[in-house]
Amino acid sequence: IPRGRITEIVGALGAGKTALLRQVVARVLHTGGWVAWIDARRTLAAAPWAGMGDRLVVIRPHDTKRSAWCADLLLRSGVFALVV
């Protein structure tokens, strides 16, 4: 996944998109980067992500339409190495 670019992960239900992203998130956290995950639909289960560390921030906007706005702010901040 190229850094500094927008990458879309698509696939059928149960194809492993979240598992792939979990590995990417773990790698970024391991290298010391901060990760923001925008959970627009509020479907992200907390238990599998609990041990990932303090540099993983989950954003749950009140309105799904605010997700793009949240992503824009997070990316412009320069703090996060990865925004999902």
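Quick caveat, the model's predicted, so the values are computed rather than measured. This chain uses plain numbering: 1 for the first residue, then up along the sequence.
- More than 12 heavy atoms of other shown residues, nucleotides or ligands fall within 6.0 angstrom of atom CG in Asp63.
- Here Asp72 contributes atom CG and Ser67 contributes atom OG; the two are 12.5 Å apart, rounded to the nearest 0.5 Å.
- Under a hydrophobic clustering in which Ile, Leu, Val, Met, Phe, Trp and Tyr are joined whenever their side-chain heavy atoms come within less than 4.5 Å, directly or via other members, Val79 and Val25 fall into different clusters.
- The shortest heavy-atom contact between Thr7 and Pro2 is OG1-CD, 3.8 Å.
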- Task: Any chance you could lay out the side chain to side chain contact (heavy atoms under 4.5 Å, CB included) test for Ile1 and Leu82, step after step, and finish with the verdict?
- Result: CA-CA 10 Å; Ile1 298 176; Leu82 176 66; 5.6 Å; no
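- Pairs engaging residues 14-55 under the ring-ring contact (aromatic ring centres under 6.0 Å, His included) rule: Trp37-Trp49 [sequence neighbours left out].
- Nearest heavy atoms, Phe80 versus Leu74: CE1-CD2, 3.4 Å.
- In the displayed structure, Arg76 atom CZ is contacted under 6.0 Å by at most 12 heavy atoms of other residues, nucleotides or ligands.
- The shortest distance between side-chain heavy atoms of Ile38 and Val83 falls below 4.5 Å.
- Checking side-chain atoms of Asp39 against main-chain N and O of Arg60 turns up no donor-acceptor pair under 3.5 Å.
- Judged by distance alone, with hydrogens and angles left aside, the side-chain atoms of Arg55 form a donor-acceptor pair with the main-chain N or O of Gly33 at under 3.5 Å.
- A donor-acceptor pair under 3.5 Å is formed between the side chain of Lys17 and the backbone N or O of Gly11.
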- Task: Starting from the C-alpha separation in whole Å, work towards a yes-or-no answer on side chain to side chain contact (heavy atoms under 4.5 Å, CB included) for Leu29 and Leu56.
- Result: CA-CA 8 Å; Leu29 292 173; Leu56 172 63; 4.2 Å; yes
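- When all heavy atoms of Val28 and Ala81 are compared, the closest pair comes out as CG1-CB, 3.7 Å.
- If you chain together hydrophobic residues whose side chains sit under 4.5 Å apart, Leu44 and Leu20 fall into the same group.
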